[in-house]
**Q** 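What follows is a single structure, and I will ask about it in a moment.
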Amino acid sequence: MVGMPSLGDARIAAVEYRALGPVRRLVAPEFLYELADRAAPRLLGWHLESRVDGMLSKLALTEVEAYRFDDPASHSFGGPRGRNVVMFDRPGLLYVYRSYGLHWCANVVCGKVGEGSAILLRAGTVIAGEETMISRRGRSANLTTGPGNLCQALGLTGLHNKIDLFDPRSPVRLLPGKPPSSIRITPRIGISKAIDKPWRFLAVEPG
DNA sequence: TGCTTGATTAACT
DNA sequence: GTTAATCAAGCAC
């Protein structure tokens, strides 16, 4: 336990508005308009729901990492180009990229438009669709721990890059959940630059 | 066009 | 602990 940021209340800040058409949609909660290191701990406990391939699978986020535009470890460092352009788009979009040529990794874009900030989703606890996840993973161990495993369990691939996680019509959505009792903060995993930044956040439950 | 690196994982010893 | 799997992005030439 390194520390525990003040999370404030658990108010769900999703703001509803009417689009020009008949479809009502949600925009990202207010905290996602902050830079990743501030927004990331607030994302713990939120539910990530996938209806990819018509099968429901859902988890509660328990581990995330923050990546910022001014952070040499971030894909957005150096400005928008190539695969990272979605990081500079509006908060609440999903950024999915291929890691090590093998795995898919999912991020939630945060910060203001053009800021290039995102939150890497590293782990969660299963809420629904465990059988679906086991089927996709081909095993029951480490179902949703590790960013690659998490994506595989939910069926997320590059096809889902730039999906709006707050559009009710999206196959992948973020839904409010229960904030953790406390949060453990550590340096990030698997990076070689800016390794001192304490931008990895883990949900800690008593017991 | 070709080489190097990498926000990883799992199966090894 | 060590290593293989495997490929897109980024960069040098």
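So you know, we letter chains A, B, ... as the sequences are listed, proteins then strands, and number each from 1.
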**Q** Could you say whether the aromatic ring of A/Y97 and the base of B/dA7 stack, counting only centre distances under 5.5 Å and plane angles under 30°?
**A**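 According to the criterion (under 5.5 Å, under 30°), no, A/Y97 does not stack.
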**Q** Is the gap between the ring centers of A/F31 and A/Y33 under 6.0 Å?
**A**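 No; A/Y33 has its ring centre 6.0 Å or more from that of A/F31.
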**Q** For B/dA7, what is the paired nucleotide under Watson-Crick or G-U wobble rules, both distances under 3.5 Å?
**A**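 Per the H-bond distance test, none.
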**Q** Using a cut-off of less than 4.0 Å, is there contact between a side-chain N or O of A/H75 and OP1 or OP2 of C/dA9?
**A** no
**Q** Tell me, with the steps shown, if A/L61 and A/F201 meet side-chain contact (heavy atoms from CB on, under 4.5 Å).
**A** CA-CA 10 Å; A/L61 294 172; A/F201 305 90; over 6 Å; no
**Q** Would you kindly give the CG-to-P distance between A/L150 and B/dT8, to the nearest whole Å?
**A**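 Spelled out: CG on A/L150 to P on B/dT8 is 13 Å.
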**Q** Looking for any heavy atom pair under 4.0 Å, which part of the strands does A/R137 touch: base, sugar-phosphate only, or nothing?
**A**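 Answer is sugar-phosphate: A/R137 comes under 4.0 Å of backbone atoms only.
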**Q** Between atom NE2 in A/H103 and atom P in C/dA8, what is the gap in whole Å?
**A**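 Value for this atom pair: 14 Å.
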**Q** What about the rings of A/H75 and A/Y67, do their centers lie closer together than 6.0 Å?
**A** no
**Q** Checking only heavy atoms, does the side chain of A/Y100 share a donor-acceptor pair with the base of C/dA5 at less than 3.5 Å?
**A**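 Side chain to base: no pair below 3.5 Å.
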**Q** Taking only side-chain nitrogens and oxygens of A/R139, does any of them come within less than 4.0 Å of OP1 or OP2 of B/dA11?
**A** yes
**Q** Rounded to whole angstrom units, what separation is found between the CG atom of A/N107 and the P atom of B/dA7?
**A**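 Those two atoms, CG and P, are 11 Å apart.
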**Q** Could you give the CG-to-P distance, from A/N84 to B/dA7, as a whole number of Å?
**A**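 Taking atom P of B/dA7 as the reference, CG of A/N84 is at 13 Å.
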**Q** Is the shortest side-chain heavy-atom distance between A/H47 and A/I127 below 4.5 Å?
**A** yes
**Q** Between the main-chain N or O of A/V96 and the side-chain N or O of A/N161, is there a donor-acceptor pair closer than 3.5 Å?
**A** yes
**Q** CG of A/L102 versus P of C/dA5: gap in Å, rounded?
**A** 11 Å
**Q** Look at the side chain of A/S99 and decide which nucleotide, out of B/dA10, C/dC11, B/dT8, has an atom nearest to it.
**A** B/dT8
**Q** Report the distance from atom CZ of A/R136 to atom C1' of B/dT9, rounded to the nearest whole Å.
**A**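 Interatomic distance, CZ of A/R136 to C1' of B/dT9: 19 Å.
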**Q** Select one nucleotide: of B/dG6, B/dT9, B/dA7, the one nearest the side-chain heavy atoms of A/S192.
**A**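 Out of B/dG6, B/dT9, B/dA7, the nucleotide with an atom closest to A/S192's side chain is B/dG6.
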**Q** Relative to the 5' end of DNA chain B, which residue comes earlier, A/N142 or A/K193, by the nucleotide with the nearest heavy atom?
**A**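 Result: A/K193.
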**Q** Using a heavy-atom cut-off of under 4.0 Å over every strand shown, decide if A/N149 touches base, sugar-phosphate, or nothing.
**A** sugar-phosphate
**Q** At under 4.0 Å, does any side-chain N or O of A/R188 touch on OP1 or OP2 of B/dT8?
**A**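 No, outside the criterion.
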**Q** Rounded to the nearest Å, what distance is computed from the CH2 atom of residue A/W104 to the C1' atom of nucleotide B/dG6?
**A** 15 Å
**Q** Strictly below 4.0 Å: does A/R98 bring a side-chain N or O up to OP1 or OP2 of C/dT6?
**A**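 No, A/R98 has no side-chain N/O under 4.0 Å of OP1/OP2 on C/dT6.
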**Q** Between A/R200 (CZ) and B/dT8 (P), how many Å, whole number?
**A** 10 Å
